[in-house]
Amino acid sequence: MTTAFALALLAIVVLSLLGLPIGHAMIGGSILYLYAKGLDIGTAAEQLLNGMYTSFLLLAIPLFILAAEFINSDSIIDRLLRFCNALVGRYRGGLAQVNVVQSIVFASMSGSALADAAGSGKLMQSLMTRDGKYTPSFAAALTAVSSVIGPIIPPSIPLVLFALVSDTSIGYLFLGGIVPGLLIGAVQMGLIAVTARKRNFPVESRVPLRELPRVTWEALPALMMPVILLGLLYSGVTTPTEAAAAAAAYALLVSALLYRSISWQDVYKSLATSARITISIGMLIAGALVFNYVITVENIPKTLSAALKAYELSPWVFLLAANILLLILGCFLEGTTILLVIVPVLLPTAHALGIDPVHFGVVVVVNIMIGLVTPPYGLLLFMMVKIAEVPLKDLVREVMPFLWVMIGALALMTFIPEIVLFLPRLLGYKG
Amino acid sequence: MRLRKAGAWLQRRAENIAAGLLAVMFAAFVVQVVFRYLLNFPVGWTSELTVVMWLWLVLWGSAFVLREREEIRFDLIYGAVGRRARIAMAFVFAVAIVVLYGVSLKPSFDYVSFMKVEKSSYLKIRMDWLYSIYLIFLVAIIARYLWLLWQLLRGRDPAAVDVSKTVSGL
């Protein structure tokens, strides 16, 4: 590590702590590095521009965001919720179970936990608290933790980012996320079943079985979206980005023609919202592209990997340490930053220890998603405080039991790689 | 007051453009999929158009569309301290970014203008034009942070950050 690098790192950390947006902090710190090293400062421009211009895979991100925005109309959400209610509403704590199942359903259409919480999650919140069925803080906690499933089940924005930094196949990463996402949903539903009995949660009126075909039929066009997306992805017919575009186009067609739930104004609003989210992540990616150049010049990941090798770490110890490190970082940092800055530093070591990149990627993403609901800094917590108007303290108290079972599920998929790798291997992954 | 109104108007137009860039990107993809898989007639210019839109969307948007409170930042300290401390913190980072981006202006201009020797593969647009958005971005960010400095000097709190407004794709 050179003095110039230490200086740049210090600048990035200090500027970020002071409150400068992290993308700018990374670009600024990298400029400082180039200056201190006496290198051409124009390299920052070159790295940023060429990096953005050539990473075709990244275009999947705005398209996934757009697809989710298009499908996120009230009438579609309504039909999907009725479908979920017909499935699990009949059990004790029925609406709470519906909240998890709808998160799984929406997870297969959207790649963002925050978008899920703001869309269908918000509606679940009002359904659960209506007539005082559930306390607002329990409903908000559940909406927050179930939204975590969104980016684990494909499509997934963080998995696209991981594919970018690790050069791993996005298709296999997506496949790898399916079982872990369902597992997270399962442990949450298990916890709800136990809590429901203890706290005597209400049961929803039973939807007769003969209603089920009609309810399913009404939700079917929306439910087909993940089928189309995954079908295109795994048949290898289109590139992942094209599959994302096709999914967005399908979502637009379904909501415009079939459900007639979207006006021109809505289309513009979807575009503008998606553009904002894209810009926000894009800026972090831009900063990371420049800073990763600096890290590569300095050979940091290889050095770290060599240093760790001297300790003769076993892969399990490394995975455990990486998980703990990421969970702690997740309490304080926004997840995209962790994915784009911290994870690339860990990757060579993971590789040297023979850890499967798809396994590692899914574990890392699940971990970072859990970070969205860990206090003190959890974006999903902040969002639910706003939506549900509950104090953060009460929300955190209700989130804690869920947090523990999710960390338990994370431990399971960390130490039993087959949970992640079973599906990809079934479909031809040679890892 | 009039200045603020004009600013808000310009910002809405900037958002229109950003939404337009995304719409073009999306449309180009749809054209590409239709041509390649339905008509069996692959076209190359669409994929070039999409990456250009992506590059411009991010840099344009960061310069003119995204508001202070929407950006991803570490705000545990920034949001918790008192008004005077926050003004001081913002002052330091604003000066830092003006200086650092300022220093990089000339070398970045040199790099971008050097790219005039290359043209994009399908649309044959000169690369220095395509990359010029980076220079616009640099100048706009410097101007924004100079404006922030001016506001700070007049004692205005740089916005108590509302973390629930952070726009993140996770």
Side-chain angles (χ1 to χ4, degrees), chain A residues 15-22 24 28 31-32 35 40-42 44-46 48-49 52-53 56 59 61-63 65-66 112-114 151 157-158 237-238 242 245-246 248-249 268 271-272 274-284 286 332-336 372 376-377 379 382-383 386, chain B residues 15 18-23 25-26 29-30 32-33 36-37 47 50-52 54-55 57-62 65-66 70-79 86 89-90 92-93 96-97 100-101 103-104 106-108 110-112 114 130-131 134 141 158 161 163-164 166-170:
Chain A
L15 288 176
S16 301
L17 287 179
L18 286 175
L20 182 70
I22 292 169
H24 288 310
I31 290 173
L32 184 64
Y35 177 79
D40 176 15
I41 297 177
E46 182 186 351
L48 189 151
L49 287 162
M52 298 285 277
Y53 194 73
F56 200 68
L59 298 178
I61 293 174
L63 294 169
I65 298 171
L66 198 56
S112 151
L114 289 157
I157 291 166
V237 173
T238 66
E242 287 168 347
Y268 176 77
L271 281 168
S274 308
R276 277 178 189 280
I277 303 174
T278 305
I279 294 161
S280 178
I281 313 179
M283 228 10 243
L284 267 185
F332 303 101
L333 278 176
E334 195 272 342
T336 324
L372 287 175
Y377 187 89
L379 284 178
F382 298 146
M383 180 176 258
K386 248 308 177 13
Chain B
E15 191 198 74
L21 291 170
L22 183 58
M25 180 204 287
F26 177 48
F29 262 114
V30 173
Q32 177 173 327
V33 171
R36 183 175 300 174
Y37 301 105
S47 59
T50 53
V51 283
V52 173
W54 153 253
L55 180 67
L57 173 61
V58 172
L59 291 177
W60 170 269
S62 179
V65 181
L66 224 54
E70 292 175 315
E71 288 185 273
I72 297 174
R73 61 172 93 221
F74 181 85
D75 34 26
L76 277 182
I77 305 174
Y78 191 65
R86 186 159 44 238
M89 287 164 75
V92 174
F93 72 60
I97 214 65
L100 288 168
Y101 280 16
V103 168
S104 80
K106 176 75 176 46
S108 304
D110 291 343
Y111 170 72
V112 171
F114 162 75
L130 291 186
Y131 280 4
Y134 184 70
I141 295 294
V161 185
V163 272
S164 68
T166 303
V167 179
S168 162
L170 292 183

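No hydrogens, no waters, no symmetry mates; every other heavy atom, side chains included, goes into these values. A note on names: the letters A, B, ... follow the listed sequences, proteins ahead of strands, and every chain is numbered from 1.
Evaluation of the side chain to side chain donor-acceptor pair (under 3.5 Å) rule for B:Tyr131 yields A:Asn50 as partners, not counting sequence neighbours. In this structure, A:Glu46 has no salt bridge (charged side-chain N to carboxylate O under 4.0 Å, His left out) partners at least two apart in sequence or on a different chain.
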(message) Set out, in order, the CA-CA distance, both residues' side-chain angles and the distance that settles side-chain contact (heavy atoms from CB on, under 4.5 Å) for B:Phe26 and A:Leu63, then state yes or no.
(response) CA-CA 7 Å; B:Phe26 177 48; A:Leu63 294 169; 3.9 Å; yes
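You'll find the side chain of A:Leu49 reaches within 4.5 Å of the side chain of B:Leu59, heavy atoms only. Using a 4.5 Å heavy-atom threshold, the side chains of A:Leu379 and B:Leu170 count as separate. Two residues are said to be in side-chain contact when any heavy atoms from C-beta on lie closer than 4.5 Å; A:Phe56 and B:Thr50 meet this criterion. Looking at heavy atoms from C-beta onward, B:Asp110 lies out of side-chain contact with A:Asp40 at the 4.5 angstrom threshold. With a 4.5 Å cut-off on side-chain heavy atoms, B:Trp54 and A:Thr278 count as touching. Looking at heavy atoms from C-beta onward, B:Phe74 lies in side-chain contact with A:Leu333 at the 4.5 angstrom threshold. The shortest side-chain heavy-atom distance between A:Met283 and B:Ile72 does not fall under the 4.5 Å cut-off. The closest side-chain heavy-atom distance from B:Phe93 to A:His24 is not below 4.5 Å.
To the nearest 0.5 angstrom, B:Arg73 atom CZ is 12.0 Å from A:Leu284 atom CG. To the nearest 0.5 Å, atoms CZ (B:Phe29) and CG (A:Leu66) are separated by 11.5 Å. In this structure, CG in A:Leu17 is found 7.5 Å from CE in B:Met89, a value given to the nearest 0.5 Å.
Using a 4.5 Å cut-off between heavy atoms, B:Ala23 contacts chain A through both its backbone and its side chain. The parts of A:Leu20 that come within reach of chain B are both its backbone and its side chain, each placing non-hydrogen atoms under 4.5 angstrom from that chain. Residue B:Gln32 touches chain A through its side chain alone, counting heavy-atom pairs closer than 4.5 Å. In this structure, chain A has no heavy atom under 4.5 Å from any part of B:Leu21. Residue contact with chain A, scored on non-hydrogen atoms closer than 4.5 Å, involves the backbone and the side chain of B:Leu57 alike. For B:Val33, the part lying near chain A is the side chain, with the backbone staying farther off; criterion is any non-hydrogen pair under 4.5 Å.
For the set A:Ala245, A:Gly28, A:Ala44, A:Pro158, the count of heavy-atom pairs under 4.5 angstrom toward chain B peaks at A:Gly28. The candidate from B:Val30, B:Leu55, B:Val112, B:Val92 with the greatest count of non-hydrogen atom pairs under 4.5 Å with chain A is B:Leu55. Chosen from A:Ile157, A:Leu271, A:Leu32, the residue pairing most often with chain B at heavy-atom distances under 4.5 Å is A:Leu271. Ranked by non-hydrogen atom pairs under 4.5 Å with chain B, the options A:Pro21, A:Ala248, A:Ser112 are led by A:Pro21. For the options A:Leu18, A:Leu48, A:Ile41, heavy-atom pairs under 4.5 Å to chain B are most numerous at A:Leu18. For the set B:Ala96, B:Ala90, B:Ser47, the entry with the most heavy-atom pairs within less than 4.5 Å of chain A is B:Ser47.
Shortest non-hydrogen contact noted between B:Ala19 and A:Tyr268 is CB-CE1, 3.5 Å. The two residues A:Gly282 and B:Val58 make their nearest non-hydrogen contact at C-CG1, 3.5 Å. Minimum heavy-atom separation, A:Tyr35 to B:Val103: CD1-CG1, 4.5 Å. The two residues B:Leu22 and A:Ala275 have their closest heavy-atom pair at CD2-N, 3.7 Å. Residues B:Ser62 and A:Ile279 approach most closely at N-CG2, 3.4 Å, considering heavy atoms.
In terms of modelled atom types and a separation under 3.5 Å, the side chain of A:Ser280 and the main chain of B:Glu71 share no donor-acceptor contact.
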